[in-house]
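When reading the values below, keep in mind they use all heavy atoms of this one structure, side chains included, and skip hydrogens, waters and symmetry mates.
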Amino acid sequence: MIASQGSALPRKKRNLNAYMLGLCLTFVLSLVAKGLALLPFLDIMGQLVLAILLGMVYRAFAGVPEYAMPGIAFSNKKLLRLGIILLGMRLNLADIVHAGPKVLLLAAVNISVTLLAVYGIARLMKVDPVMSLLAACGSAICGAAAVAAIAPQVRANEQETAVSAAVVALLGTLFTLLYVGLYPLLGLSPAGYGVFAGGTLHEVAHAIAAAAPGGKEAEDMAVIVKLTRVALLVPVAVLVGLWSSRKGGRTAPGERTRIPIPWFVLGFLVMSGIHTLGILPESAASQIVTAAYMLMAMAMAGLGLNVDFAVFGRKGGRPFAAALLGSCLLAGVGYVLVKALGLA
């Protein structure tokens, strides 16, 4: 009896060490991504995008030991949800109200058009329904964070989530560079250009980087409009959960179909409310947002560690093409709406 207890303890210790190894690996990759995101050009990509790519590169060149996978899985599931909740501290709902109904209308139309377009094009290209939805939500709402938030609603696996997040992240980076080059030709005021960038680009980092040529006014408007789209993640996540349940979704044998409730997304909304009410000082809110991005970067690194470049090439090509066409449509619709709504 004593011998069995003695053998159990080292095994538990080994399991804990392996668990911590996976967590530490994602943490180090997220720190490297944060440092790289401070460099010229790489700042356009942002910490989350770089964390995904670093995870994929690490897997390709160093490999990932199987015993580290539990800690990596904890990062890309549990820490991801905590990061999304804390990210709500960045969103001040009062800013959205002050921006006016036109901005909300623009965000809602852009999201609706992009969701339908990317999903429809992806399905025509024979992309799996789950990856089609993930690519559509990531393109329409807020990039990799939206992919990660929607994934549990449709029971996506790690590879599907990682490939979809990487596709949207890379596409957002390409469009950011394109916007910077097109800025002098668009004929928009700094505020109008900020609305355009925030209303059509994928990640918050993309919107800020693209708006930079327009100065502070453009950057401020880009953030407000972009966060308006982020706020719409909550109703979209609920609707996707309802739709997935009605369609049958992915259920285990003998499991009843149920409506997945995105509690972590609702937590995001609660944190937004706390920030809006000014319960915490701005300095504390800023630190919480920094922590949120670090947790989400750990999750993105974990997702990247689950995908190699061969899988990305095999599974990512058609979703990338669908998201590219949908993003072009989003840019066109967004530009027309900025002009039509008098926001130019």
**Asked** Which is it for Leu280 and His275 under the side-chain contact (heavy atoms from CB on, under 4.5 Å) test, yes or no, and what are the steps along the way?
**Response** CA-CA 7 Å; Leu280 295 177; His275 185 211; over 6 Å; no
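- Ala292 and Gly83 make their closest contact through CB-O, 3.5 Å (heavy atoms, listed as atom of the first residue, atom of the second, distance).
- Counting only N and O atoms by type, the side chains of His202 and Thr176 include no donor and acceptor under 3.5 Å apart.
- Under the 3.5 Å distance criterion, the side-chain polar atoms of Lys102 are matched with a main-chain donor or acceptor of Leu341.
- Gly304 and Ala162 get closest at one heavy-atom pair: N-CB, 4.5 Å.
- Two residues are said to be in side-chain contact when any heavy atoms from C-beta on lie closer than 4.5 Å; Gln47 and Met294 meet this criterion.
- Listed by chain and residue number, nothing satisfies the ring-ring contact (aromatic ring centres under 6.0 Å, His included) test with Phe320 (two or more places apart in sequence, or in another chain).
- Side-chain contact between Asn92 and Ser272 is absent, with no heavy atoms from C-beta onward closer than 4.5 Å.
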**Request:** Step by step, work out the side-chain contact (heavy atoms from CB on, under 4.5 Å) result for Thr290 and Gln287.
**Result:** CA-CA 5 Å; Thr290 299; Gln287 291 175 355; 5.5 Å; no
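- Of the possible polar contacts, one joining the Arg318 side chain to the Met125 backbone as a donor-acceptor pair under 3.5 Å is found.
- In this structure a side-chain-to-backbone donor-acceptor pair under 3.5 Å is missing from Tyr293 to Ile288.
- Looking only at atom types and distance, the side chain of Tyr179 has a donor-acceptor partner in the side chain of Thr200 under 3.5 Å away.
- Within the 3.5 Å criterion, the main-chain N or O of Leu324 finds no donor-acceptor partner in the side chain of Ser327.
- Applying the ring-ring contact (aromatic ring centres under 6.0 Å, His included) criterion to Tyr58, with sequence neighbours excluded, gives no partner residue.
- Each of Leu188, Val225, Leu106 was compared with Leu343 under the side-chain contact (heavy atoms from CB on, under 4.5 Å) criterion, and only Leu106 meets it.
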**Prompt:** Between Cys137 and Leu115, does a side-chain contact (heavy atoms from CB on, under 4.5 Å) hold up when you go through it step by step?
**Reply:** CA-CA 6 Å; Cys137 291; Leu115 279 173; 3.7 Å; yes
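- Checked against ring-ring contact (aromatic ring centres under 6.0 Å, His included), Tyr193 has the following partners two or more places apart in sequence or in another chain: Tyr183.
- Under the 3.5 Å distance criterion, the side-chain polar atoms of Thr26 are left unmatched by any main-chain donor or acceptor of Ile72.
- With hydrogens and angles disregarded, a donor-acceptor distance shorter than 3.5 Å links the side chain of Arg229 to the backbone of Leu201.
- Although no hydrogens or angles enter the test, the distance criterion places a donor-acceptor pair under 3.5 Å between the side chain of Lys226 and the main chain of Ile141.
- Heavy-atom minimum distance, Cys142 versus Val230: CB-CG2, 3.8 Å.
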